[in-house]
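Below is one structure, written out as C-alpha cells; comments come after it.
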Amino acid sequence: MDTPELGVREAELIAARRANLAALRSAGADPYAVTRYEVTAHAAELQRRFADLPAGGEADDRFSVAGRLMLLRGQGNVAFADLWDESGKIQLFFKSDVVGKERLKAFQKHVDRGDLLGARGRIVRTKLGELSLLVEHYEVLCKSLLPLPDKWHGLVDMERRYRQRYLDLTVNPAVREIFLLRSRIIAEMRRFLDARGFVEVETPVLINIAGGATARPFQTHHNALDLQLNLRIATELYLKRLVVGGIERVYEIGRIFRNEGIDTKHNPEFSMLELYAAYWSYEEMAQFTEELFVHLVGMVTGGKDRIDYGGRSLHFARPFKRVRYLDALRERGGYARADLLSPAGAERIAISLGIPKPPSHAHALDKIFEAVVEPHLADPTFVMDIPVLLSPLAKRRADDPELTERYELFIANMEACNAFSELNDPDDQRGRFEEQAHDRASGDAETPPPDWDFVTALEVGMPPTAGIGIGIDRLVMLLTDQQSIRDVILFPLQRPL
RNA sequence: GCGCCCUUAGCUCAGUCGGUAGAGCACCGGCCUUUUAAGCCGUGGGUCCUGGGUUCGAGUCCCAGAGGGCGCACCA
C-alpha cells in the first residue's frame with residue numbers, strides 16, 4: 001500500500017507518539033533497540049495459577065510478563081493497564097512507592113496504548129478482585145506509532161479487518177481465538193492421522209495437467225523451461241500415484257487453487273485434507289470419517305457431541321445418518337431413478353424446478369440434488385452411492401454399475417467431505433477420461449484434460465483403496481461457528497486498492 | 001458477471017425537508033494512591049470514498065467510477 005495521505009488529526013496522533021518515542025530514546029531506553037525480554041509467565045497461566053488468591057492477597061514469587069497494552073487507566077500516584085499476550089489478559093498495577101515516582105511518571109507520560117511492554121513484579125489481587133502484576137520494573141519493548149482502533153468497539157469495518165488482519169487480531173481477541181483454534185484443529189487432525197499410521201507428504205502445486213476435480217485452474221508460466229503451468233485444483237491424482245508406489249496410508253494437508261467466484265463459502269485458495277488408505281473400502285472410510293469428526297467436535301467442545309452453528313444445534317452422534325443418493329431424491333421430490341439417470345429426464349426435472357438450462361446431465365443432477373435434498377441435511381448425514389456420471393474417479397458398485405461406492409458428508413447443508421472407493425481399473429479410468437476429453441473439446445472449460453500418466457500408474461496397479469477429501473476451511477467454519485470463509489482465512493483475497 | 005446495500009474525525013457512529021459538520025471514545029493540557037470502556041475540568045481535530053451534474057446553495061438529489069458487504073450465477 002502506498003503511504004496514505006494523513007488527515008491533520010491523524011498526523012497529530014502520530015506526532016504525539018513519535019514525541020514519546022524520542023523521549024524514551026533520550027532517556028536511554030530506545031524501544032527499537034531492545035533485542036530480548038525474559039518472559040517467565042503468560043497471562044492465562046497466571047490467572048489459572050492464582051485463581052484462588054483472595055482479594056487483597058499477595059503472592060511472593062516474581063514474574064515477568066510481556067505483551068501489548070490495550071487499556072490504560074491512569075491516576076495520580078497509581079496506574080492500571082491491561083496487558084494482553086497471546087494467552088489472554090493480565091492487569092498491571094503501578095504504585096509510585098513500588099515502581100518509583102519517576103518511573104511511574106515516565107510511564108504515564110511516554111507510554112501509549114498499543115505499546116509492547118515487559119513488566120516484572122509480584123502477583124496481587126486488588127481490593128476489587130482483579131488479579132494484577134504489581135509492577136516493580138518495566139521496559140518498553142516496542143513503540144506503537146499508529147493510533148489503535150476504538151477500545152470498546154474494536155475494529156468493525158470488514159474491509160480493514162481483512163486487509164489489515166494484524167489490527168483485527170490486535171484489538172479483537174475473539175478473532176485471535178478463532179485462528180488459534182484453527183491451528184489447534186489442524187494440529188489435532190495431524191496427530192489423529194499420524195497415530196493411525198498415515199504418512200504426510202507434499203505433492204506439487206505447479207503442475208502441467210491440473211486434474212482430480214472439475215474447476216478452472218490458475219495459469220502461470222515457468223520462464224526457464226518456457227512452460228505453461230497450472231496451480232493444482234486437487235491433490236488426488238498425485239496421492240494415488242503414491243499408493244501405487246506402495247505408501248499404503250498417505251495424506252496431504254495443502255493449499256488448493258480454483259479460479260472461481262468468491263463468496264461466503266468460497267475463496268480462490270483454500271486448504272484441503274486428502275487422504276488415501278489402501279485395502280479400505282468406502283465403508284471403512286465412513287467409519288473413519290465419523291471417528292475423526294466426533295473427535296474434533298469433542299476437542300473444541302470439551303467432550304460434547306453437539307455444536308452450535310448459525311443458531312442451530314448439530315448432533316454428532318455415531319452412527320451418522322445415512323441416505324442413498326437416489327433414495328433421498330425419491331423421498332424428498334418423488335423423482336424416479338430412470339428419469340434422474342437419463343439426460344432428458346434430468347433436464348425435464350431441472351426445468352420444472354426453475355433451474356435455468358443445465359449444460360450437462362451431471363450439472364442438472366447436481367442442481368436437482370442441491371435444490372431438493374440439501375436444504376434438509378443439517379445434522380451430519382452421509383449421502384451414499386452417488387451415480388457414476390457425477391463421479392469420474394470413483395469405483396462402480398459391483399451390484400449396480402450406474403452407481404459408485406462414494407459418499408458425501410453433509411453438515412449444516414454444506415458439503416463437508418467427499419469420499420469413495422477409488423477406481424483402480426485402468427481401462428474404466430481411460431474410458432472416463434476419454435469422455436471428459438470429449439466434454440472439454442465441446443467447450444466445457446472446467447473439465448480437466450486427461451492425465452494419461454495417471455492411467456499408466458493404474459496399469460502398474462493400485463491396490464483397492466478408499467480416499468477422502470475434507471475442506472479444512474469449512475470444517476473450521478463449522479467448529480468455530482463462523483458464517484463466512486473469510487473469517488477463518490487469515491488473509492482472504494481482496495482487490496488491491 | 002448481475003442485483004441490492006454501505007463508504008462522514010484516528011475508531012465507533014448520528015446527520016430531519018437541500019441551507020456553512022455532530023456525539024462518544026481516542027489524542028493534547030490539568031486534577032486524582034484500588035481502576036475495570038475509570039472519573040472530573042478544559043483545548044484542538046473533517047478531501048463527508050473519487051469525478052462529473054442539477055441548484056442561489058449538495059454530506060443529503062442525479063450520473064459515472066473505486067473499494068467493501070450480502071444475495072444470485074459459477075464452485076468446494
Side-chain angles (χ1 to χ4, degrees), chain A residues 4-17 19-20 55-56 70-82 89 91-99 101 104 108-109 112-114 124-132 134 145-163 167 171 213-216 233-234 256-272 274 355-357 359 363 366-367 370 408-410 414-418 444-446 469-475 477 483-487 492 494-497:
Chain A
E5 291 174 41
L6 299 179
V8 174
R9 190 58 205 151
E10 187 177 13
E12 284 176 26
L13 295 172
I14 294 166
R17 284 163 178 260
N20 287 336
M70 293 306 294
L71 229 42
L72 302 176
R73 295 180 290 279
Q75 293 204 341
N77 281 310
V78 69
F80 299 90
D82 288 353
K89 181 194 91 171
Q91 176 171 267
L92 303 182
F93 184 6
F94 296 82
K95 287 168 97 167
S96 63
D97 54 2
V98 176
V99 73
K101 211 171 182 112
L104 176 59
Q108 288 169 329
K109 285 210 84 76
D112 294 297
R113 176 166 179 262
V124 302
R125 193 176 289 281
T126 62
K127 283 180 199 164
L128 294 180
E130 182 77 21
L131 194 74
S132 308
L134 183 61
L145 294 174
L146 298 180
L148 240 42
D150 193 275
K151 65 182 176 184
W152 182 244
H153 300 96
L155 182 63
V156 171
D157 181 68
M158 297 300 274
E159 182 175 353
R160 281 192 74 194
R161 288 190 45 223
Y162 298 144
R163 286 188 196 277
L167 267 185
V171 301
T214 48
R216 283 189 169 83
I233 58 173
I256 298 295
F257 307 86
R258 296 188 184 174
N259 206 337
E260 311 277 1
I262 298 175
D263 62 28
T264 52
K265 292 187 176 64
H266 300 85
N267 193 62
E269 53 179 307
F270 62 103
S271 296
M272 185 129 91
E274 277 196 43
I355 295 161
K357 50 174 171 105
H363 188 266
D366 231 17
K367 289 287 138 191
E370 198 176 291
E408 292 186 320
L409 175 61
F410 284 85
M414 241 182 345
E415 185 190 331
C417 62
N418 175 26
D444 184 350
E446 287 180 359
I470 300 176
I472 288 180
D473 310 278
R474 289 184 178 183
L475 174 63
M477 285 170 70
Q483 313 304 310
S484 170
I485 198 169
R486 285 179 218 107
D487 293 324
Q494 300 275 294
R495 281 192 157 90
L497 287 176

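Throughout, a chain's letter reflects where its sequence line sits, starting with A, and its residues are numbered from 1. These numbers were taken from a predicted model, which means no experiment stands behind them.
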Quiz item: Is the phosphate of B:rU35, meaning OP1 or OP2, less than 4.0 Å from a side-chain N or O of A:R73?
Solution: no

Within the sub-3.5 Å range, which N or O atoms of nucleotides 24-27 of chain B have a protein N or O partner, and how far apart are they?
unit_1: B:rG24; atom_1: N2; unit_2: A:D150; atom_2: OD2; d: 3.1
unit_1: B:rC25; atom_1: O3'; unit_2: A:K151; atom_2: NZ; d: 3.3
unit_1: B:rA26; atom_1: OP1; unit_2: A:K151; atom_2: NZ; d: 2.7
unit_1: B:rC27; atom_1: O2'; unit_2: A:R9; atom_2: NH2; d: 3.3
unit_1: B:rC27; atom_1: O2; unit_2: A:R9; atom_2: NH2; d: 2.4

Quiz item: Given that both distances must come in under 3.5 Å, which nucleotide forms a Watson-Crick or G-U wobble pair with B:rU47?
Solution: none

Self-check item: P atoms of B:rG69 and B:rC28, separation to the nearest Å
Solution: 34 Å

Quiz item: Paired with B:rA9 by Watson-Crick or G-U wobble geometry, both distances under 3.5 Å: which nucleotide is it?
Solution: none

Quiz item: Any side-chain heavy atom of A:F93 within less than 4.5 Å of one from A:L131?
Solution: no

Quiz item: Side chain of A:Q75, base of B:rA38: donor and acceptor closer than 3.5 Å?
Solution: yes

Exercise. Scan every strand shown for a Watson-Crick or G-U wobble partner of B:rA37, both distances under 3.5 Å, and answer none if you come up empty.
Key: none

Quiz item: Partner of B:rU60 by Watson-Crick or G-U wobble geometry, both contacts under 3.5 Å, or none?
Solution: none

Quiz item: Under the 3.5 Å rule, do the base of B:rU35 and the side chain of A:T126 count as making a donor-acceptor pair?
Solution: yes

Practice problem: Look at all strands and tell whether A:G261 reaches a base, only sugar-phosphate, or nothing, counting heavy atoms closer than 4.0 Å. | Solution: base

Exercise. Go ahead and name the base partner of B:rC4; Watson-Crick or wobble counts if both distances stay under 3.5 Å, otherwise write none.
Key: B:rG69

Exercise. Would you say whether A:F270 stacks on B:rA76? The test is a distance between ring centres of less than 5.5 Å and an angle between planes of less than 30°.
Key: yes

Exercise. Tell whether A:Q91 reaches the base of B:rU35 with its side chain through a donor-acceptor pair below 3.5 angstrom.
Key: yes

Quiz prompt | Between B:rG67 and B:rG15 - C1' atom distance, rounded Å | solution = 23 Å

Quiz item: How would you list, by chain and number, every residue that makes a salt bridge (Lys or Arg N to Asp or Glu O under 4.0 Å) with A:E260, sequence neighbours excluded?
Solution: none

Exercise. Verify the contact: side-chain N or O of A:R163 to OP1 or OP2 of B:rG68, cut-off strictly under 4.0 Å; return yes or no.
Key: yes

Quiz prompt | Rounded distance in Å between the P positions of B:rA64 and B:rG10 | solution = 30 Å

Quiz item: Regarding A:R73 and A:Q91, is there a side-chain donor-to-acceptor distance under 3.5 Å anywhere?
Solution: yes

Practice problem: Whole angstrom is fine here: how far is it from CZ in A:R474 over to C1' in B:rA76? | Solution: 4 Å

Quiz prompt | From A:K95 atom NZ to A:N77 atom CG, the distance as rounded to the nearest 0.5 Å | solution = 11.5 Å

Exercise. Return the 5'-most residue of the pair A:P268, A:Y162 with respect to RNA chain B, ranking by each residue's nearest nucleotide.
Key: A:Y162

Practice problem: Before accepting this row, confirm whether a basic side-chain N of the pair A:E130/A:K89 lies closer than 4.0 Å to the acidic partner's carboxylate O. | Solution: yes

Quiz prompt | Interatomic distance, A:R161 CZ vs B:rG68 P [rounded to whole Å] | solution = 15 Å

Quiz item: Rounded to whole angstrom units, what separation is found between the CG atom of A:L131 and the C1' atom of B:rU35?
Solution: 15 Å

Quiz item: What integer number of Å spans the C1' atoms of B:rA37 and B:rC25?
Solution: 8 Å

Self-check item: Strand partner of B:rA26, provided both Watson-Crick or wobble distances fall under 3.5 Å
Solution: none

Exercise. Determine the Euclidean distance between corresponding P atoms of B:rC61 and B:rG19; express it in Å to zero decimal places.
Key: 11 Å

Quiz item: Which residue pairs pass the salt bridge (Lys or Arg N to Asp or Glu O under 4.0 Å) test when at least one of the two sits in residues 147-158 of chain A, sequence neighbours left out?
Solution: none

Quiz prompt | Integer-rounded Å distance: B:rC70 P and A:M158 CE | solution = 6 Å

Quiz prompt | Rounded distance in Å - NZ (A:K265) to C1' (B:rC70) | solution = 12 Å

